[in-house]
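Report on the structure given below.
Lettering follows sequence order; numbering is per chain, from 1.
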There are 2 protein chains.
Amino acid sequence: MEEKEISQTVVGRLPRYFRYLGELKDEGIERVSSQELSDIMQVTASQIRQDLNNFGGFGQQGYGYNVGFLYDEIGKILGLHREHNLIIVGAGHLGQALVNYTNFERRGFLFRGIFDRDPQVCGKKIRGITVRPMNEMEAFVRENDIDIAVLTIPKTSAVEVAEQLAYCGIKGIWNFAHVDLRVPEQIQVENVHLSDSLMKLSYNLSSREYEE
Amino acid sequence: MEEKEISQTVVGRLPRYFRYLGELKDEGIERVSSQELSDIMQVTASQIRQDLNNFGGFGQQGYGYNVGFLYDEIGKILGLHREHNLIIVGAGHLGQALVNYTNFERRGFLFRGIFDRDPQVCGKKIRGITVRPMNEMEAFVRENDIDIAVLTIPKTSAVEVAEQLAYCGIKGIWNFAHVDLRVPEQIQVENVHLSDSLMKLSYNLSSREYEE
DNA sequence: AAGCCGCTGTCAATTCATTGACATAATTTT
DNA sequence: AAAATTATGTCAATGAATTGACAGCGGCTT
């Protein structure tokens with residue numbers, strides 16, 4: 001089904017297209033040209049056409065793109081046309097924050113379970129979901145068709161947990177722990193390294209000072 | 001002081017070097033070659049040398065790099081040798097999670113204030129910091145030498161708040177709202193679009209299915 | 001102390017990403 | 001219905017990032 005390998009650079013831009021198209025759709029706009037999108041999104045029209053053509057010809061010459069159609073197509077490309085079952089590992093502040101963020105569910109990312117190593121926390125309910133002890137995790141993943149595990153645990157335990165998850169057949173890991181996981185290559189890892197992001201901001205603040 | 005403009009691609013890799021050097025340092029290792037780092041970090045030795053040389057010659061031929069020295073230098077480049085004063089705008093789950101994450105403070109990012117538009121939440125204390133109403137924000141930023149504002153508010157209000165912050169002289173915005181901010185170019189914006197990250201993971205899960 | 005070896009800094013080559021240009025096809029106007 | 005306009009898909013050109021290669025310096029060995 002997939003012809004050529006799409007670069008992660010391109011993939012990284014798809015969610016942004018998706019977001020802007022969603023906004024246009026909500027405004028009731030039915031049609032958009034790459035030039036119009038270019039003006040709104042501040043990227044070149046050429047890049048937009050190039051990116052979209054990696055996945056097929058969604059537009060029509062002389063007309064442009066149909067907003068609703070393109071929105072749906074990008075949604076499918078991103079795998080949003082079907083549901084994903086998630087677990088959270090680590091019921092700390094960040095884990096709880098993610099569970100409480102309802103927008104993920106709206107896109108079909110459903111939190112099915114929460115796990116924590118602290119017995120004090122186990123049994124507690126977060127948005128209706130009971131926190132379970134770690135030793136129940138592997139069975140839960142297998143029995144509930146879990147795709148994605150969200151790691152919101154300290155880096156010291158992340159490596160070990162990732163191994164367990166790999167062992168019980170997880171497909172993807174959304175990793176908030178500040179460590180690079182080594183897992184079999186059929187498992188996808190998406191890192192969110194918050195402190196890296198903050199350091200990048202810090203760098204850009206400092207570097208600006210000397211430019212004027 | 002700054003000679004040539006450093007690409008964001010390179011800047012984005014610095015925190016990772018910093019992290020690995022910190023680990024080597026903690027292990028008591030004093031010296032490392034680009035080849036050794038290459039093996040550990042899974043990037044080419046050439047890239048490491050190329051990246052570091054953007055900022056100066058930190059190594060010595062025939063010896064390699066002194067871990068402690070290089071760690072400190074990269075820290076300085078990233079602006080971690082001095083403190084940053086932060087405010088959180090939006091005292092929801094995510095805002096609270098960030099305040100409670102102590103590692104930022106350890107790196108000199110100090111949370112000085114929290115703001116929220118909800119009067120019910122104002123007055124509450126989070127890790128010793130009182131939540132203040134939005135109308136006090138501008139004065140607070142000016143009077144407390146605030147560098148960075150962390151936006152953990154819904155996208156609907158983010159644009160407006162960013163304008164206010166620009167007006168009262170903020171230097172950087174760490175933006176968790178799912179919207180692209182338009183601010184004067186002297187203000188640095190670092191986006192953390194969590195749902196974009198999750199969609200990227202979702203894409204990579206789907207695309208893998210057809211490869212085997 | 002002299003020579004060998006290791007490893008950086010840097011230049012050149014290659015690969016990857018972005019931008020520009022245009023033939024062509026569909027739409028809209030007259 | 002024909003002409004004029006619009007805007008895609010794609011190819012070519014440019015630009016950026018990564019990798020490879022090596023001269024030369026400094027530490028290490030004997």
Side-chain angles (χ1 to χ4, degrees), chain A residues 2-17 20-21 24 29-74 77 200 203-204 207, chain B residues 2-17 20-21 24 29-74 77 200 203-204 207:
Chain A
E2 302 287 297
E3 294 293 332
K4 54 200 159 190
E5 183 80 18
I6 309 289
S7 83
Q8 288 297 305
T9 319
V10 173
V11 176
R13 283 194 292 260
L14 294 179
R16 188 154 179 265
Y17 294 136
Y20 275 89
L21 287 165
L24 290 175
I29 294 166
E30 283 180 359
R31 127 183 201 185
V32 72
S33 71
S34 60
Q35 186 55 58
E36 287 167 331
L37 252 187
S38 159
D39 294 339
I40 302 168
M41 294 185 64
Q42 314 266 45
V43 295
T44 63
S46 189
Q47 181 163 81
I48 294 172
R49 294 206 297 278
Q50 193 85 276
D51 282 351
L52 295 178
N53 261 90
N54 282 298
F55 304 97
F58 300 125
Q60 251 179 352
Q61 286 167 329
Y63 175 88
Y65 299 89
N66 178 288
V67 171
F69 175 72
L70 186 55
Y71 177 82
D72 290 344
E73 286 301 313
I74 296 180
I77 292 165
K200 221 172 132 203
Y203 171 87
N204 285 321
S207 72
Chain B
E2 302 287 297
E3 296 291 333
K4 54 198 158 190
E5 182 80 18
I6 310 288
S7 84
Q8 288 297 305
T9 318
V10 173
V11 175
R13 284 194 290 259
L14 294 180
R16 188 155 179 266
Y17 293 137
Y20 275 89
L21 287 164
L24 290 174
I29 294 165
E30 283 179 359
R31 128 183 201 187
V32 72
S33 70
S34 60
Q35 187 54 58
E36 286 166 331
L37 252 188
S38 160
D39 295 338
I40 301 169
M41 294 184 64
Q42 313 265 46
V43 295
T44 63
S46 188
Q47 181 163 81
I48 294 172
R49 295 205 298 278
Q50 193 85 276
D51 284 349
L52 296 178
N53 260 90
N54 283 297
F55 305 96
F58 301 124
Q60 250 179 354
Q61 288 165 328
Y63 176 87
Y65 300 89
N66 179 287
V67 171
F69 175 72
L70 186 55
Y71 176 82
D72 290 344
E73 287 300 314
I74 294 180
I77 292 166
K200 220 172 132 205
Y203 171 87
N204 285 323
S207 73

Beyond-backbone contact of B:F55 with B:I6, side-chain heavy atoms, under 4.5 angstrom: yes
So which protein nitrogen or oxygen atoms get under 3.5 Å of nucleotides 3-5 of chain C's nitrogens or oxygens?
none

Between D:dC25 (C1') and B:Q60 (CD): distance, integer Å: 10 Å
B:I74 side, atom CD1; B:R13 side, atom CZ - distance, nearest 0.5 Å: 12.0 Å
Distance (rounded to the nearest 0.5 Å) between A:I77 CD1 and A:D72 CG: 11.0 Å
Crowding at CD, A:Q8 (>12 non-hydrogen neighbours, <6.0 Å): yes
Protein-nucleotide distance (B:F58, atom CZ; C:dT10, atom P), rounded to Å: 12 Å
Spacing between B:F55 atom CZ and C:dT8 atom P, to the nearest angstrom: 18 Å
Stepwise side-chain hydrogen bond (donor to acceptor under 3.5 Å, both in side chains) check, B:D39 with B:Q35: CA-CA 6 Å; B:D39 295 338; B:Q35 187 54 58; 3.2 Å; yes
Can you check nucleotides 20-22 of chain D for protein contacts, nitrogen or oxygen pairs under 3.5 Å, and list what you find?
unit_1	atom_1	unit_2	atom_2	d
D:dG20	N7	B:S46	OG	2.9
D:dG20	O6	B:S46	OG	3.4
D:dA21	N6	B:R49	NH2	3.2

Separation of atom CG in A:L52 from atom P in D:dT8, rounded to whole Å: 9 Å
Value in whole Å for how far the P atom of C:dA23 lies from CD of A:Q61: 13 Å
B:R31 (side chain) donor-acceptor with B:G64 (main chain) under 3.5 angstrom: no
Euclidean distance, atom CZ of residue B:R31 to atom P of C:dC7 [Å, nearest integer]: 6 Å
Side-chain heavy atoms of A:L70 within contact of A:L52, under 4.5 Å: yes
Residues A:N54 and A:Q50: side-chain donor-acceptor under 3.5 angstrom: no
Separation of atom CG in B:D39 from atom P in C:dC7, rounded to whole Å: 11 Å
Length of the line joining A:E5:CD and C:dC16:C1', which is rounded to integer Å: 14 Å
Side chain to side chain donor-acceptor pair (under 3.5 Å) involving A:R16 - partner list, sequence neighbours excluded: B:D180
B:L37 CG to B:Q47 CD distance, which is reported to the nearest 0.5 Å: 12.0 Å
Contacting residues from residues 62-73 of chain B, given that a heavy atom lies under 4.0 angstrom of DNA chain C: B:G62, B:Y63, B:G64, B:Y65
Provide a list of protein-nucleic acid N or O atom pairs under 3.5 angstrom, restricted to nucleotides 15-17 of chain D.
unit_1	atom_1	unit_2	atom_2	d
D:dA17	OP1	B:T9	OG1	3.1

Minimum heavy-atom distance between B:G68 and B:N66, given as atom pair plus value: N-OD1, 3.2 Å
Test ring-ring contact (aromatic ring centres under 6.0 Å, His included) applied to A:Y20 - qualifying residues, sequence neighbours left out: none
Backbone of B:S33 reached by a side-chain donor or acceptor of B:E36 within 3.5 Å: yes
